[in-house]
Amino acid sequence: MTVVMLGAAVALLLAMNAMFVIGTRAGDNSLIDIAYGPAFVLACLGAWLAGGAEMHFRPLLMLCLLCVWAVRLGLHIGLRHRGRGEDFRYRNFRQEWGETFVWRSFLQVYMLQGLVVFLVAMPVLLAISWPGPGLVWTDILGTALFAVGFLFEAVGDWQLVRFKQGPDSKGRIMTTGLWRYTRHPNYFGEALLWWGFFFLGLGSEHGWYGLVSPVLIGFLLLKVSGIPMLEEKYRGQPEFESYKKVTSAFFPWPPRNSEARPAGGDDTDLA
């Protein structure tokens, strides 16, 4: 296990240092968001190679699912970021941190991101360390949860992108499609797919340690850098406040009063 975890840690350390150099030279720390998904793949490949690259179906299945998720997410964020400059969250950090911005960026953006990736990837790392027996029911459940979560995330992102391309979308809040039932379908999907990885990892020895993954993701999305930080940007906007009153923040649920809902979409990123 030590060798596997060390392989993941070294891969992440190299990746985050490289992204720090790239982001600093470009004056754009939000480039780290594009590398978020691929960083998981690098960490788990590093762990897999360090552990001897055992050809067991469970870690191979998890690695394949991880690659599908990471490639889609990286492409989506990369295309969304193109031509937009640094994301507002990182611009705020740049202003708040002042002269300490460089070293605080290194620690609080890049190294912290690496630590989060390491912890969230724990189900995959545990499966690489101790693959466990053959197919069990938790593998089927985990794959199903991943599939549903991936669809929520991918479809939610696609619907938002499609709406933003419309001529009448500027300044409006997305309320159709999956966004009719949750204000953050992509965040819900992200959390659900990591529960899928957790259940997949339960088939391996010590798989329960992987619980840190979905719990941490849920905490970050619900309490830290996900919903709170994003919705703070829209607080007080009449259309968003109306949407917020009738639409579930996270779990998909029918709107409380469909007649009170505004129509439209979001000109930035309520996601």
Side-chain angles (χ1 to χ4, degrees), residues 8-9 12 15-16 19-20 23 29-44 62 65-66 69-70 72-74 76-77 80-81 86-93 96-97 104-126 142 145-146 148-150 152-154 156-157 160 178 182-201 208-235 244 248-252 268-271:
L12 280 173
M16 291 302 146
M19 286 307 303
F20 170 69
N29 277 341
S30 57
L31 293 175
I32 189 63
D33 291 342
I34 302 173
Y36 174 73
F40 281 89
V41 176
L42 289 175
C44 293
M62 295 175 80
L65 295 178
L66 191 69
W69 166 78
R72 189 213 70 86
L73 184 63
H76 169 71
I77 297 177
R80 185 181 68 182
H81 180 76
E86 192 170 47
D87 183 83
F88 77 94
R89 293 166 296 178
Y90 298 97
R91 291 200 303 269
N92 290 342
F93 290 151
E96 292 171 9
W97 293 345
R104 288 188 68 173
S105 293
F106 178 74
L107 294 176
Q108 294 180 235
V109 175
Y110 296 92
M111 292 299 103
L112 183 59
Q113 184 89 292
L115 177 60
V116 168
V117 170
F118 183 83
L119 293 175
V120 173
M122 193 57 63
V124 188
L125 300 180
L126 291 169
L145 290 175
F146 172 87
V148 174
F150 181 82
F152 257 89
E153 186 174 61
D157 284 340
L160 186 59
L178 293 178
T182 165
R183 302 199 299 271
H184 302 278
N186 48 358
Y187 286 171
F188 170 76
E190 175 81 358
L192 189 62
L193 68 84
W194 282 108
W195 276 106
F197 278 117
F198 166 67
F199 278 102
L200 277 163
W208 280 103
Y209 295 149
L211 186 61
V212 65
S213 171
V215 169
L216 178 58
I217 277 290
F219 175 73
L220 292 175
L221 291 177
L222 291 170
K223 300 297 183 182
V224 184
S225 59
I227 293 174
M229 186 176 291
L230 187 59
E231 294 202 345
E232 176 65 23
K233 181 180 178 181
Y234 296 92
R235 188 170 65 173
K244 183 177 179 179
S248 170
F250 189 70
F251 293 101
T268 49
D269 277 323
L270 190 56

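Here the structure is a predicted model, which means the values were calculated and not measured.
Here the closest heavy-atom approach between residue E86 and residue S30 is recorded as CA-OG, 3.5 Å. Contact detail for P123 and S213: the closest heavy-atom pair is CD-CB, 3.4 Å. The two residues L12 and G114 have their closest heavy-atom pair at CD1-O, 3.4 Å. Here the shortest heavy-atom pairing between G142 and F199 reads CA-CB, 3.8 Å. Contact between L178 and F152 at its shortest, heavy atoms only, is CD1-O, 3.8 Å. Considering every non-hydrogen atom in both A9 and F118, the closest pair reads N-CE1, 4.2 Å.
If you take OG on S105 and CE on M111, they are separated by 11.5 Å, rounding to the nearest 0.5 Å. Atom CD1 in I227 sits 12.0 Å away from atom CG in L220 (nearest 0.5 Å). Summarising the geometry, atom CG belonging to D87 is positioned 10.0 Å from atom CD1 belonging to I77; distances are rounded to the nearest 0.5 Å. One distance of note links CZ of F88 with OH of Y90; it measures 10.5 Å at 0.5 Å rounding. Taking SG of C44 as the start and CG of L125 as the end, the distance is 5.0 Å to the nearest 0.5 Å. Atom CG of N29 sits about 9.5 Å away from atom CZ of F93, to the nearest 0.5 Å.
H184 and E190 are not linked by any side-chain donor-acceptor pair at a separation below 3.5 angstrom, with hydrogens and angles left out of the test. In this structure, a donor-acceptor pair under 3.5 Å is present between the side chains of E153 and W69.
In this structure, M122 and L126 have side chains that are in contact, with non-hydrogen atoms separated by less than 4.5 Å. Annotation: side chain of H81 is in contact with side chain of I34 (closest heavy-atom distance under 4.5 Å). Counting heavy atoms from C-beta on, the side chains of L107 and L112 never come closer than 4.5 Å. Taking 4.5 Å as the limit, every side-chain heavy atom of L145 sits out of range of all side-chain heavy atoms of F197.
The existence of a salt bridge linking R72 and D157 is confirmed by a sub-4.0 Å separation between a basic side-chain nitrogen and an acidic carboxylate oxygen. Under a 4.0 Å N-O distance rule, the pair R89/D33 qualifies as a salt bridge.
Under the 3.5 Å distance criterion, the side-chain polar atoms of T182 are matched with a main-chain donor or acceptor of F250.
Taking the six-membered ring for Trp and the full ring otherwise, W208 and F198 have centroids separated by under 6.0 Å. Taking the centre of each ring, F146 and F150 come in below the 6.0 Å mark. Checked against the 6.0 Å centroid threshold, F40 and W194 count as a close aromatic pair.
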Would you sort out whether E231 and K244 count as a side-chain contact (heavy atoms from CB on, under 4.5 Å), showing the intermediate values?
-> CA-CA 10 Å; E231 294 202 345; K244 183 177 179 179; 4.1 Å; yes
